[in-house]
Every structure is written in structure tokens, then in C-alpha cells.
Chemist: 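Take a look at this one; I'll ask things after.
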Amino acid sequence: MEPLVKHEGNTAVLPRVNVDTDQIIPKQFLKRVERSGFGQFLFFDWRFLANGKDNPDFELNQDSAENATILIADHNFGCGSSREHAPWALQDYGFRVIIAPSFADIFYNNCFKNGILPIRLQEEKVYELMENGKDKVYNLTVDLENQKIADKDGFEASFTIDSYWKEMLLNGWDEISLTLQYENKITEYEDKVTL
Amino acid sequence: MQPKTIIEKIWEKHTVLSEQGKPDLLYIDLHMVHEVTSPQAFEGLRLTDRKVRRPDLTFATMDHNVPTDNRTSIKDAIARKQMETLSNNCNEFGIEIADLDSPDNGIVHVIGPELGLTQPGKTIVCGDSHTSTHGAFGALAFGIGTSEVEHVLATQTIWQSKPKTMEVKVNGRLAPGVTAKDIILAVIAKYGVDFGTGYVLEYTGEAIRGLTMEERMTICNMSIEAGARAGLISPDQVTVDYLKGREKVPSGEEFDKKASEWLALSTDEGAQYDAVVEIDSEEIEPMVTWGTNPSQGVGIHGTVPSPEDAENEAGRKAIQQSLDYMDLKPGTKMTDISIEHVFIGSCTNSRLSDLRAAAEIAKGRKVAEGVRAMVVPGSQKVKIAAEKEGLDKIFIEAGFDWRESGCSMCLSMNPDFVPEGERCASTSNRNFEGRQGKGARTHLVSPAMAAAAAISGKFVDVRKLEEPSVTQ
Ligand code: SF4
């Protein structure tokens, strides 16, 4: 996994609540057996019109959101299905950071496994960012090491994150290798409990 | 000894490692695998030259992609490839699989309990959010992503932060005609689509105790629709009776020993939860959703709300978004909404008792003109049992389509879908935009309510349905 220490990038604003993973990546694209190539289908039903053209009303299709790597989203982002295709699509599309007042549990965990940093931030702060980034190119710096977000005009916010996930992202560790360091503990457990 | 909830008891028993600054490392007793969320995980194992640690604790099935008309020839080449990939992976790694021609095949959350793989006290995971279904047995069961599937395959463990616990108390007795589906839809309508985030729910109360295992599964199934990672119900004699004699459950003395272990798992008298919510059964009517998340529902005699009813801007936005998509106006009576499709199936409501409830309504009646109604059993075993009772005939005579088992129109990954702009009464668990097809409009209901909608062409109170006009 690619480590993430400090990230600077442009934002895209998606002011919709309860965005579910069915929306992030509709089911017709779940049939692939590969992990890559999902970005082209991200938000498919919102992003494209019936004739296949870009939907000009959709937030990510605005000029200001072009090449965005930071997504600013609303409450309960990523709810619904556990499909990891959702973070795969977001990552493949180019996102490395998602900022929202709240996330659904499974999605939140899935992000870390794919080098995406999901940041839970107070609602007022998120709405401030949305205001700042609305209809214009807006650049943010996310500093995972110091757990801070800042823009060039004086916006600053800090966020909390589980130290476990933080380490994982900072180092780009593979979780399975990490766990296998404890293999003797697992074996011990298995010896104790017969299943 | 300090009284404990069942959640804490299961957690403690399965903790392999607990260190400061880390989630706990939990041992997994049962890992269920299906074709959609597993191929990349197996590929990951191959790339790193890893093995499946406990193939004996892993069980696979195919369900999401399966066609419900003809299972022997699968036209969709990509779907076929995904299913073949699963079979090959299971062969390669030595995992038992209920593939398409197995009598055990069916929706993963239907066959686990059916086979007796699902048992009280187990930790159960699957790359599917409705794994919470298995909580009905007093198991700690939750959905995981594909990286976690790979992690569990390789290590039989998972890193998890200890969840908070919440009691969801359903007081009193259910009124006749009100079902388990109505309870869970009413709870989510009352407390919202994310009240369970960060929690494991335990359902308690007189109404829950009075439910059969199949009804309990319907409730636990939808815990994820409240944002909760898992939901469970402490085991009791009903649980034990259900499991007795099942294929993967021990028999004889061994069973009796297990049964007493299971019963001892129940939450202790006086145990504390981090939060408690309550609902009175008397408040609950047959429910119908009007929006695009499962909390947007009302009793059948209710009306579509207005964005003005919301408390804040976010709420107004959510309602407006849903009304636009569903093409509904505030104030519309639920009983004035007509439908073109009915889907009876999914891991929420596709078990024998669900089909019986729907058949009871269908019996001697006819599906309304212009309505396409489909019944999809949850597993091949359910299908055969239903046919033995003649339920298939009742449905077919009434004009329903009787299908092979699978997920089908719950998420429409197979060829079954609702066309754009059309409306469906569905017994599934998610009314998200596009879930049943692009532009499809889904209303969640119980099996009896779905059957009643099929007969009437619109939503009606199943308790007030006119007597059958067709004599048999
Ligand atoms: S029936 Fe629906 S919710 Fe259940 S496992 Fe299948 S797709 Fe998921």
C-alpha cells in the first residue's frame, strides 16, 4: 500500500447526506474479478446521463472539481453495502482523502486498507470547507502526522484518528503481514479452543 | 461477578490479543464467502503465496449473480466468470462450497442458519453487510470488506475496535397482522438511518421473545440499515429448538452440552448497555417506505412527509432528494400509491414462513392487471419445502412468477430488475436509488404487505383486504 504522510490537493464538494455505496459504485460494475479499473464507474448513475454524456449538474463534473484528490462529503458517507469496490473506485478516480462529519463503519475501515484517509471532522468545520470549496478550485493540505488540515487562507482544523490506522497509513503497511507477526498468539488461541 | 451482555461475553472469549493503542485481534469461528466480494481476496493470497488458515471454518456459496429462471445456462459471461472463479478458488484452497447444483445452494444468510453453521456464541463474518442476520442466534456477526476477507482467509482473525453496546427494546405484544419486518422498519423510522453507527445492537423485550427464529433473522438482518455493524438476540429455547437436528450441529449428548453453553451466553440480568432505545409494539403498524433510505417509512395509514417537517437543513435536503427520485408529493396517502412490480425475496424475507405469509394472502386471489409479481425463495431448500406444501401452485394460480433461489431483484445483479421510473413493492432491505435497477423506485414492505399490494395494484392495509373473490 502506498503510504500517506502529508497530502496536498484540490477538493471536490459533495453536499449530499447518506451517500450509500450503491451510489458510489452501482452493482452492475461489481462483476469484475480484478481490483483495479473501477474509477471510470464511480458515481456512475449521477455522473452520466442516459446518453452516456457527463451530467453537467453533478458536483464532480464541475470544472472546479477537476483533478480533485480530496472529497468533502456529508453525514453518514458510505452507508449500505460492504463492497470494497467503493473505496477502490474512489481511489482509482484519484481521491486520497475524504472529509465528512460522519462515516458508515465498514466503509470507514475499508478506506484505510486502500490507502485512503477518511477524516471525521466537526460538522461546522466540514460545512465551512464546503462553503470555501463551492464552485471554485480550492486547495487543502492534510497533514496526517500532526493530524491537521489547513488551507492557504488561514483555515485550520485538527482531527482525531486511531493510532493503529495512522501508523498503518503513514508506513503503508500491509495488515496481513502485521497480523502474522502474532501468529504464535493465534496458534495458542487455537490450541486452547477447539472448534 | 459483574453482569455482562452477550456482546461482551462473546468478545472476551474471542480476543486473541488486546494491546493499548490497537483494536483487539478477534478470532473468527465462521467465515462465509460469496462470489462478488471474494475474487480479489483469493488473488491477493496467490500473489503473496499465502494459504487459507482454516478452510474448515470457511464456507462458500454463490447467490448475488445467480439467474432465477434457468440456473444451468448462465448467459451473462462476466457473471459466469465470477461464479467459476469462486468454484476454482474453493477447489484450490480446499473450501467447501454450495455451488449452483448443490441442494444447499442459496443466499449466504439463508443457508448458514439452514445448515446449522450459524450457532450462538460464534463470531461470524462475510464480505456482505447483511451478515448481521446471523445475530438472530446470539452470534456476533458482521459484514467486512474484501481486504478483510483476505485477512480472515489468511489469519482467521480480524482487528476490531470494541464496539459500544445498545439495547433495542421492543415492548409489549405485536398486534395481529404486524410482522417482524414492520418492527425493524418502525425502529429505523423512529431512530434514523445511522443511530446504530459504532454500536452492536441487542434486541430485547417481550415482542422479540415471542418471535420465531425466521422472524428474528428478519430483524437482525436490517441492523446494518441503522448503521450498526451487528445486531443480535440472546439465545433461548426457541434458538435451541431451531438448531436441533441441523446438518452442521452436533447431535446427542454433545448437542445437550452445546445447548446449555448457548443458553448461558444470554445477557445477564442487570448488565449495562452504553445506550438504550425503546419502542412499543402498539405503536407499530404495517410499514411502507416512501423514500430512498430504509428510515424513510411510515405506517400504511400515513402520508408522504414534506421537507418542511424536517428539523434542519440536512433533513430537508434528504427528504427533497428522496421525493424527487421517488416522484412523490408531500401529503400523498400511502394507500394511494400504485405499483407495477412486486418482489418477494431477499435475505430479509425469503424463508419458508415469509413465503407462507405471502401465499396466505395470494390464495384464491389474482395479481392486479399491469402488475408483475415475482417470488424468489432464499435457498433451494426453501424452494423445495415450499413446493412440498403447494405454495408454488398458490402463487402461480394467483399470477405470481415462481422462481429459482438467489438474491435476484434485491440488488439486481442478475437479469431481474425494475425498469426505470417504475415502482416496486419489495420485501428486501434497501430502497436506495438504483438498487433494483437504474431509476427504479423501491418501497420496502413485509411479505404479506407485498402480496396484498400485488393483488390490489397499490399499497393497502393487509388487515383490511377484501375476501377472495376467486373461488378455488
Ligand atoms: S439478498 Fe440482497 S441484501 Fe441479501 S445478500 Fe443478497 S444482495 Fe445482499
Side-chain angles (χ1 to χ4, degrees), chain A residues 15-18 20-23 26-28 30-36 44-46 50 74-76 79-88 101-107 109-114 123 162-165 167 174-180 182-183 185-186 188-190 193 195, chain B residues 13 16-17 21-23 25 27 29 36-37 39-40 43-44 48 50 53-54 56-57 64-65 76 78-79 81-82 85 127-129 131 142-148 150-151 154-157 159 161 193-194 197-198 224 227 229 293 314 317-318 321 411-413 430 432-435 438-439:
Chain A
R16 306 185 186 210
V17 291
N18 302 324
D20 56 70
T21 51
D22 276 72
Q23 240 39 71
K27 74 260 167 166
Q28 62 268 37
L30 306 185
K31 290 180 189 159
R32 301 161 64 97
V33 293
E34 301 86 23
R35 221 176 236 265
S36 55
F44 192 85
D45 290 348
W46 286 344
D74 215 326
H75 275 288
N76 201 26
C79 60
S81 152
S82 64
R83 59 186 71 160
E84 199 160 313
H85 311 69
W88 292 340
S102 62
F103 292 89
D105 277 350
I106 306 181
F107 176 83
N109 282 353
N110 281 342
C111 281
F112 288 108
K113 323 244 147 138
N114 293 286
E123 188 186 270
D162 213 19
S163 57
Y164 174 79
W165 292 123
E167 285 297 302
D174 159 35
E175 201 179 23
I176 299 179
S177 316
L178 196 81
T179 308
L180 290 175
Y182 299 103
E183 201 178 351
K185 293 266 178 203
I186 301 173
E188 238 170 69
Y189 178 93
E190 283 172 333
V193 186
L195 280 165
Chain B
K13 226 181 128 212
V16 174
L17 186 86
K22 276 201 190 91
L25 189 63
Y27 199 80
D29 296 332
V36 179
T37 54
Q40 295 86 353
E43 188 56 26
T48 46
R50 288 177 178 135
R53 187 176 178 91
R54 295 295 299 267
D56 58 321
L57 303 182
H64 285 65
N65 271 313
D76 179 343
I78 324 177
K81 180 168 178 213
Q82 210 171 46
T85 305
D128 189 283
S129 57
T131 307
F142 48 89
I144 57 179
T146 299
S147 296
E148 290 171 316
E150 186 179 337
H151 189 278
T155 70
Q156 204 58 33
T157 62
W159 295 96
S161 312
V193 73
D194 56 0
T197 305
I224 181 72
R229 222 175 192 209
N293 77 53
K317 246 183 357 194
Q321 228 169 276
L411 94 164
S412 302
M413 262 187 89
R430 284 188 176 140
F432 295 162
E433 289 184 24
R435 175 91 176 169
K438 188 174 174 170

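Order of the sequence lines fixes the chain letters, A, B, ..., with proteins taken first and strands second; residue numbering starts at 1 for each chain.
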Chemist: Quick one: of B/Gln321, B/Glu433, B/Glu43, B/Gln156, who has the most non-hydrogen atom pairs under 4.5 Å with chain A?
Modeler: B/Glu433
Chemist: Between the main-chain N or O of B/Gly143 and the side-chain N or O of B/Asp128, is there a donor-acceptor pair closer than 3.5 Å?
Modeler: no
Chemist: Would you mind telling me which of B/Thr155, B/Thr85, B/Asn293, B/Thr131 has the largest number of heavy-atom pairs within less than 4.5 Å of chain A?
Modeler: B/Thr155
Chemist: Heavy-atom distance under 4.5 Å to chain A: side chain of B/Thr157, backbone, both or neither?
Modeler: side chain
Chemist: For B/Lys13, does the NZ atom have more than 12 heavy-atom neighbours from other residues, nucleotides or ligands under 6.0 Å away?
Modeler: no
Chemist: Of the backbone (N, CA, C, O) and the side chain (C-beta and beyond), which part of A/Trp88 lies under 4.5 Å from a heavy atom of chain B, both, or neither?
Modeler: side chain
Chemist: Quick check on B/Leu17 against chain A: is it the side chain, the backbone, both or neither that has a heavy atom closer than 4.5 Å?
Modeler: side chain
Chemist: Heavy-atom pairs under 4.5 Å with chain B: which of A/Ser102, A/Ala104, A/Ala86, A/Gly80 has the most?
Modeler: A/Gly80
Chemist: If you count heavy-atom pairs under 4.5 Å with chain A, which of B/His64, B/Lys438, B/Gln40, B/Arg430 comes out on top?
Modeler: B/Gln40
Chemist: For A/Thr21, which atoms come within 4.5 Å of any heavy atom of chain B: side chain, backbone, both, or neither?
Modeler: neither
Chemist: Quick one: which of B/Met413, B/Lys81, B/Glu148, B/Lys22 has the most heavy-atom pairs under 4.5 Å with chain A, could you say?
Modeler: B/Met413
Chemist: Salt bridge or not between A/Glu190 and B/Arg53? Use side-chain N to carboxylate O under 4.0 Å.
Modeler: yes
Chemist: Does any backbone or side-chain atom of A/His85 lie under 4.5 Å from a heavy atom of chain B? Answer side chain, backbone, both or neither.
Modeler: side chain
Chemist: Salt-bridge test for B/Arg435 and A/Asp20: reply yes if a basic N is under 4.0 Å from a carboxylate O, no otherwise.
Modeler: no
Chemist: Tell me, side chain or backbone of A/Arg32 under 4.5 Å from chain B's heavy atoms, or both, or neither?
Modeler: backbone
Chemist: Non-hydrogen atoms of chain A under 4.5 Å away: do they reach the side chain of B/Lys317, the backbone, both or neither?
Modeler: side chain
Chemist: Please determine, among A/Asn18, A/Leu30, A/Val33, the option with the most heavy-atom pairs under 4.5 Å with chain B.
Modeler: A/Val33
Chemist: Does any non-hydrogen side-chain atom of A/Ile176 lie less than 4.5 Å from one of B/His151?
Modeler: yes
Chemist: Tell me, side chain or backbone of B/Ile224 under 4.5 Å from chain A's heavy atoms, or both, or neither?
Modeler: side chain
Chemist: For A/Lys31, does its backbone N or O pair with a side-chain atom of B/Gln82 as donor and acceptor, under 3.5 Å?
Modeler: yes
Chemist: If you count heavy-atom pairs within less than 4.5 Å of chain B, which of A/Asn114, A/Asn110, A/Thr179 leads?
Modeler: A/Thr179
Chemist: Between A/Asp174 and A/Ser177, is any side-chain donor less than 3.5 angstrom from a side-chain acceptor?
Modeler: yes
Chemist: Among A/Glu167, A/Glu123, A/Arg35, who wins on heavy-atom pairs under 4.5 Å with chain B?
Modeler: A/Arg35
Chemist: Please flag which part of B/Thr48 lies under 4.5 Å from any non-hydrogen atom of chain A: side chain, backbone, both or neither.
Modeler: neither
Chemist: If you apply the rule side-chain contact (heavy atoms from CB on, under 4.5 Å), what do you find for A/Asp105 with B/Thr197, and how did you get there?
Modeler: CA-CA 7 Å; A/Asp105 277 350; B/Thr197 305; 3.7 Å; yes
Chemist: In terms of heavy-atom proximity below 4.5 Å to chain A, should B/Thr146 be classed as side chain, backbone, both, or neither?
Modeler: both
Chemist: Measure A/Glu34 against the heavy atoms of chain B and call it side chain, backbone, both or neither at under 4.5 Å.
Modeler: both
Chemist: Just wondering, do B/Leu25 and A/Tyr189 contact through their side chains at under 4.5 Å, heavy atoms?
Modeler: no
Chemist: Is any side-chain heavy atom of B/Asp76 less than 4.5 Å from a side-chain heavy atom of B/Asn65?
Modeler: no
Chemist: With a 4.5 angstrom heavy-atom cut-off, could you sort out which part of A/Pro87 is near chain B: side chain, backbone, both or neither?
Modeler: neither
Chemist: At a heavy-atom separation under 4.5 Å, does A/Phe103 approach chain B through its side chain, its backbone, both, or neither?
Modeler: backbone
Chemist: What is the minimum heavy-atom distance between A/Ile106 and B/Ser129, and which atoms define it?
Modeler: CD1-CB, 4.2 Å
Chemist: Do side-chain atoms of A/Glu84 reach the backbone of B/Ser147 as a donor and acceptor pair under 3.5 angstrom?
Modeler: yes
Chemist: Would you mind telling me which of A/Glu175, A/Lys185, A/Gln28 has the largest number of heavy-atom pairs within less than 4.5 Å of chain B?
Modeler: A/Glu175
Chemist: Could you tell me whether a side-chain N or O of A/Gln23 sits under 3.5 Å from a main-chain N or O of A/Asp45, the two making a donor and an acceptor?
Modeler: no
